[in-house]
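Worksheet: one structure, shown below.
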Amino acid sequence: LMNLTKKLIEIRSMLLSIDQNDALKLPSIVVIGSQSSGKSSVLEAIVGHEFLPKGNNMVTRRPIELTLVHTPTPPGEKPSEYGEFPSLGLGKIHSFSDIQRTLTDMNLAVPASEAVSNDPIDLRIYSPFVPDLTLIDLPGYVQIASLDQPESLKEKIAGLCEKYIREPNIILAVCAADVDLANSPALRASRKVDPLGLRTIGVVTKMDLVPPEEGASILAGNRYPLHLGYVGVVAKAVGKSHSESTGDVVKRRENDFFSTHRNVYGSGSIMVGTDTLRKRLMEVLESSMASSLHGITNAVQLELEEATYQFKVQYNDRRITAESYVAETMDTLKARFQAAKAEFRKPIIREKLKSMLDDKVMDVLEQLYWLDKRAKELGDLAIDTRVKGPEDVDSYWKHKLGAASSLLTKSGVGRDSTLLVADGLRAMIDSIAAGEPFTYHPRASERLISFSHDILRDRIGVAADQVENCIKPYKYEVEVEGREWEAGRERAVGLFEKEVSMCEGKLKDIRKKVGGSRRLGALVGYVQTLDEKEKERKERRLKAVAAEGDGTDDPEDVVPESYRYPAAQILDAKHAMLYTDRITVLKFRIAALKSKRCKAGPENDVFCPEAFLNVVADKLAYTSTMFLNIELLDQFFYEFPREIDSRLLYDLDRKEIVEFARENPIVRRHLDLQDRKDKLEEVMKQLNSLSTLRADPQPKPRRN
Ligand code: GDP
């Protein structure tokens with residue numbers, strides 16, 4: 001039957017790792033007692049080593065789930081004893097003082113303000129000298145809270161103990177022989193949950209401190225009867241000897257004590273000694289485990305059915321692993337990247353660059369032509385029949401055209417176009433990094449952004465220089481063919497018409513905002529008179545300064561501009577005037593562009609700089625696109641997928657892969673349920689093998 005306890009202890013650990021659901025719990029022995037009752041000494045006597053935290057302050061701050069695993073020594077080998085903290089992943093710890101230190105550290109990690117924590121420490125001890133047992137060490141009951149402990153400490157510990165002494169656990173109530181049992185907090189707590197004393201064992205420590213007759217009467221348990229009885233021990237550890245282990249010293253002292261008083265403690269019904277206690281605990285745990293077997297099997301069966309059903313319903317039995325999720329995420333990322341790549345095909349880039357250059361052209365035109373006082377003259381030239389050809393045009397306009405072209409080609413097209421495309425790439429990566437599933441993986445998303453920005457940063461300088469280099473010829477001369485000219489002219493007309501309708505739209509908005517065209521007309525009129533007055537005033541002052549050398553303000557100067565209209569409306573009127581002026585210019589230029597002269601061909605460029613500049617812009621866009629494609633896009637699209645492989649998840653170990661996958665709540669739930677189902681299946685398998693083992697202790701004769 002010993003095998004059964006061992007198996008069930010294993011099963012118990014597996015169940016604990018599934019969840020803390022009460023229905024899925026196999027019994028354990030819970031050790032309770034007040035501080036200094038000798039609780040630690042008893043546990044250490046059972047294990048045969050000193051390993052629990054010591055100190056005058058409260059030392060057990062977290063429950064310790066202590067699993068003892070009896071490991072027989074293979075013949076011819078030295079016995080090996082070690083401990084393990086499965087949740088810490090420290091491996092086998094062969095020194096019990098190291099175990100003690102680790103436990104002390106884990107206790108001290110509980111903040112002083114909390115004093116005790118509900119989070120149990122899982123400790124397993126493997127040894128040929130221990131029985132198969134599970135024991136839970138709980139913080140000792142405190143009688144009087146000391147000054148530096150929080151008020152509620154007493155209740156906190158009591159609450160924690162209460163949680164653990166519930167069924168089906170067995171209660172090991174530790175009481176000192178020299179303290180009246182009536183005052184034992186352990187017995188009092190046990191009586192609350194186990195009034196008949198059916199699952200409580202009393203351990204009476206410090207038997208050496210009371211006269212044998214008194215000790216024997218305590219152990220007889222007549223005053224507070226316990227079904228499982230009382231065991232008396234002497235478990236005091238004395239200073240370490242070099243030749244013997246602590247356990248041996250304690251054991252010998254205890255043996256000496258009880259054999260000295262054999263006359264009293266030798267009688268058959270009285271239980272004394274740590275060995276007796278161990279045997280008793282094994283018996284009790286075994287029978288408790290055995291009687292839990294049926295119930296736990298049913299409970300596990302139910303949970304398994306539920307988990308299986310949920311797994312089917314929610315995931316259609318689709319299994320995943322953290323690794324498969326990572327691989328899938330990488331595939332998604334690459335697929336999304338491939339899709340985004342389409343946005344960077346040459347025609348699209350070219351169009352974007354062209355539109356950027358169109359804006360530049362508008363600026364150049366505005367600067368060099370529209371603001372020119374002689375602008376109207378140029379428009380008239382286009383339709384003036386007396387002008388035979390470009391040779392009749394004033395060289396003023398020829399210079400203008402050269403200046404405009406050079407302003408455009410020398411405006412930093414290399415840098416601007418590179419930045420435009422790099423910006424597009426950056427935005428593309430940012431949007432991928434901000435989308436699912438990266439919403440769940442902030443660190444991976446950050447990494448993705450950071451290395452793609454690195455690639456871009458590395459390329460931008462070179463790419464910009466290359467582009468600038470390749471458009472260099474256009475800075476000196478641009479040759480335009482008839483076909484190119486016509487296309488440029490048409491595009492310029494189109495652009496201007498679009499600009500006109502944009503300005504008209506804005507005007508309409510302003511009109512609506514100020515309350516109709518009449519109102520806007522009044523506003524504009526008002527602003528115009530203000531402007532005129534301002535002009536007159538300036539002239540007058542100039543004259544006055546010239547005459548007197550001093551320009552004293554005359555009272556008429558102080559006219560508050562917003563006297564009749566709110567300032568915001570004055571501003572609207574000013575904007576409206578600008579739009580109106582612009583529309584006039586644009587319409588005028590559209591007429592010129594549509595004139596016979598402009599249509600005639602590139603030799604008339606001086607009459608229609610817009611068409612010419614449009615062709616220049618088009619050539620710049622074409623050349624820039626070609627070289628950006630080679631210097632920036634190709635490089636980026638080559639490097640990026642490789643960087644995903646090598647920098648995004650390449651150096652993750654198994655643990656980090658799992659962590660990464662679990663960052664996604666959908667995946668986490670999936671993995672959790674799958675894991676739960678697997679574990680329950682495993683537990684069920686083990687439980688089934690146990691019941692056949694029990695039902696059929698004889699091995700079946702082999703058929704044929
Ligand atoms: P805990 O606070 O309940 O864990 O109690 P400890 O095991 O630390 O013991 C409290 C004190 O009682 C220590 O000084 C032990 O040495 C002492 N002690 C424990 N068991 C015995 C015993 O059987 N006999 C004697 N005389 N002292 C003991």
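Ligands are counted one by one from 1 in listed order, and the atoms in each one are counted from 1 as well. Please read all numbers here as calculations on a predicted model, not as lab measurements.
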Just distances here: any N/O of Thr205 and N/O of ligand 1 closer than 3.5 Å?
no
When only distance counts, is Ala235 in polar contact with ligand 1, meaning an N/O pair under 3.5 Å?
yes
Does a side-chain N-to-carboxylate-O contact under 4.0 Å join [X] and [Y]?
X: Glu681; Y: Lys677; value: yes
X: Asp678; Y: Arg319; value: yes
X: Asp675; Y: Lys679; value: yes
X: Arg443; Y: Glu663; value: yes

With backbone taken as N, CA, C and O and side chain as the heavy atoms from C-beta onward, which portion of [X] lies under 4.0 Å from ligand 1: side chain, backbone, both, or neither?
X: Asp208; result: side chain
X: Gln35; result: backbone
X: Leu209; result: side chain

Which of the ligand 1 atoms, numbered from 1, are nearer than 4.0 Å to a heavy atom of [X]:
X: Ser40; result: 1 (P), 4 (O), 7 (O)
X: Ser41; result: 6 (P), 7 (O), 9 (O), 19 (C), 20 (N)
X: Val234; result: 23 (O)
X: Lys39; result: 1 (P), 3 (O), 4 (O), 5 (O), 7 (O)

Of the choices Gly33, Ser37, Gly38, which has the non-hydrogen atom that lies closest to atom 9 (O) of ligand 1?
Gly38
Heavy atoms only: which of Ser36, Ala186, Ala177, Ser34 is nearest to atom 1 (P) of ligand 1?
Ser36
List the atom of Val116, the atom of Lys156, and the distance in Å for their closest heavy-atom pair.
O-NZ, 3.7 Å
Would you kindly say whether Glu81 and His49 are connected by a side-chain donor-acceptor distance under 3.5 Å?
yes
Strictly by modelled atom types, are Asn316 and Lys312 linked by a side-chain donor-acceptor pair under 3.5 Å?
yes
Rounded to the nearest 0.5 Å, what separates atom OG in Ser17 from atom CZ in Arg676?
10.5 Å
